[in-house]
Amino acid sequence: MRKVSLLRRLRNDEDGAALILVTLTFTLLLFFAAVAIDAAGFGFNERRQSQSAADVGALTAVQFAVPGSLGNLECNGFSGGARSRCNGAAEAMKVANATIIDPSLVDWTDPAKFPAPPAGYTVSPITNCVAFTNNNQRAWVSIPFIEKPTTIAKAVGIRTITISADAIAGSSLGFRGSVLPFLSPGNAALANYNCLKSGPNPSFGACAANPTTGNFGLMDFYMYGNADFGYTARCTGDTQGRLVTNIARGIDHPLGTHDDGPSGVGEDRPEQANCPNFNAEPNIVSSQTGVGSQLEDGMLYGDNTYTSPTTSYPGRIQVTSGGTLVRNAQGGTPASRVDNTPLWSFLLDDGSLGLTPCDPDTVDTPAEMVDCIAWAKNPDPILNAPPRIVFDDDLGTSIRFGFTPSMWEPTILPGGSDYHIKSFLPVYIDTTFFACNNNGCDIMHTPGVDDTGPCPNNPANSRITCGTPGPGNRALDGVSAYILSLDIVPDNARSPSPGAANQLRFSLIE
């Protein structure tokens with residue numbers, strides 16, 4: 001009997017433990033069900049709305065982080081970078097509040113509801129929930145913590161659910177490295193061929209004109225720190241180092257145009273004063289005197305000044321194989337080879353240009369190429385025919401193709417003068433001139449033109465390939481270029497073009 005009684009007692013104990021286990025399990029299931037119902041119901045919808053608000057807020061913040069007022073009265077007490085961050089934050093909060101179901105629950109000023117911004121971001125002066133990188137190229141927006149009351153979850157002691165979301169958006173150029181630091185006079189658009197720049201030595205040929213009347217002048221562009229391409233911001237000093245980088249890699253930030261030049265009322269956005277605000281699109285730049293070896297390094301040898309020690313960028317027209325050997329310098333500088341692709345190799349070969357000055361079967365000299373450009377810009381002046389696109393899409397990817405700002409002012413004065421950008425001219429880099437004096441140059445190279453041997457004194461044609469690279473100093477003294485127009489280059493080379501409304505692209509990053 002005792003044995004049976006003991007078994008019955010054990011059985012009763014097991015039944016009690018099972019009941020406790022079932023009760024606990026049911027309670028847990030009720031807990032999770034309550035939380036899931038609240039989270040999957042209004043909680044899911046609230047989170048989705050908060051994420052949408054963060055997304056559009058970040059995209060807005062990075063677009064409006066500009067120095068102008070934008071009508072944001074709360075930003076009137078700030079200037080410089082703080083003003084830009086204030087503008088971006090003010091606009092971001094407007095669109096975010098319009099996206100959230102109940103904006104009254106969002107408190108952008110309560111520090112207790114602020115998450116920490118990402119490392120390297122600076123918060124705006126009006127809310128810590130909007131922050132920017134140093135150059136305002138990227139913006140982070142976090143919706144402040146929202147405490148929403150629960151419904152079913154109250155039964156298990158959970159009275160609120162915390163809702164939050166964040167996003168990072170960035171702006172980027174629609175092109176890479178296409179703007180060169182050479183500014184052209186206002187009448188340069190009328191030319192078909194000109195000099196980009198001559199160095200300090202006496203120059204020859206297409207680059208013989210004085211910089212105040214013919215040469216495209218050097219401009220003092222700064223480094224805004226484009227994160228997409230690995231640039232380092234540089235808003236002061238190192239004029240020559242920046243020049244090398246800007247020739248080799250192209251200007252790293254967007255540029256804008258001035259509405260009506262120095263005598264008008266358009267908004268002035270000076271290059272240095274807006275550095276490093278990536279979205280400022282400066283439209284005024286100062287001239288620079290002296291070029292020295294920077295022209296040579298930028299065109300032929302490249303740059304790693306503003307990148308990591310393991311990264312280097314080749315010269316603007318330098319190639320690693322093939323091409324044409326143009327010089328061996330003293331002091332151990334390696335031989336440099338330059339691209340040897342003539343502009344006429346990009347003429348459309350679809351039959352549309354036959355029996356015209358741009359017929360790809362007949363254009364094979366620089367002089368014929370200039371005639372082609374002139375015709376393409378003005379095919380029939382009597383019938384007022386529109387310009388013709390005469391180049392294929394490969395032109396836009398050529399290392400010799402780029403843009404130069406054109407100014408409102410008719411004349412470039414050397415050193416420190418400010419100029420207002422009117423438009424941007426597409427150019428194709430042509431002849432390079434080495435070791436020049438009043439009688440000529442030791443070496444000249446024109447892509448697509450055969451070597452004629454030693455360069456003669458005062459050659460009648462300055463667009464030839466001649467001279468022999470040697471161990472002595474053969475410094476690059478000048479660079480000339482074909483002057484094109486947006487009307488005659490293919491879409492991929494002009495859209496988006498510098499200064500255009502669509503040159504900046506905005507996208508979500510995280």
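We use all heavy atoms of the structure for the numbers below, so side chains are in, but hydrogens, waters and symmetry mates are not.
Here the side chains of D166 and W140 are in contact, with some heavy-atom distance below 4.5 Å. In this structure, Y224 and C275 have side chains that are in contact, with non-hydrogen atoms separated by less than 4.5 Å. Contact of the P282 side chain with the H253 side chain is registered, since non-hydrogen atoms from C-beta on lie closer than 4.5 Å.
R249 forms a cation-pi arrangement with Y231, by the criterion of a distance under 6.0 Å to the ring centre and an angle within 45° of the ring axis. Judged by a 6.0 Å distance limit and a 45° cone about the ring axis, R242 is positioned over the six-membered ring of Y222.
When only modelled atom types and interatomic distance are considered, N340 and H445 share a side-chain donor-acceptor pair under 3.5 Å. With 3.5 Å as the limit, one finds a donor-acceptor pair spanning the side chains of D55 and Q51. Of the N and O atoms on the side chains of Q63 and N279, not one donor lies less than 3.5 Å from an acceptor on the other residue. T446 and T431 form a side-chain donor-acceptor contact under 3.5 Å, judged by distance and modelled atom types alone.
Of the candidates L425, I373, N192, L425 is the only one forming a side-chain contact (heavy atoms from CB on, under 4.5 Å) with I483.
A pairwise comparison of heavy atoms in L348 and S352 identifies CD1-OG, 4.2 Å as the closest pair.
Taking the ring centroids of Y482 and Y193, they lie under the 6.0 Å cut-off.
Under 4.0 Å is where a charged nitrogen must lie from a carboxylate oxygen, and between D339 and R316 no such pair does.
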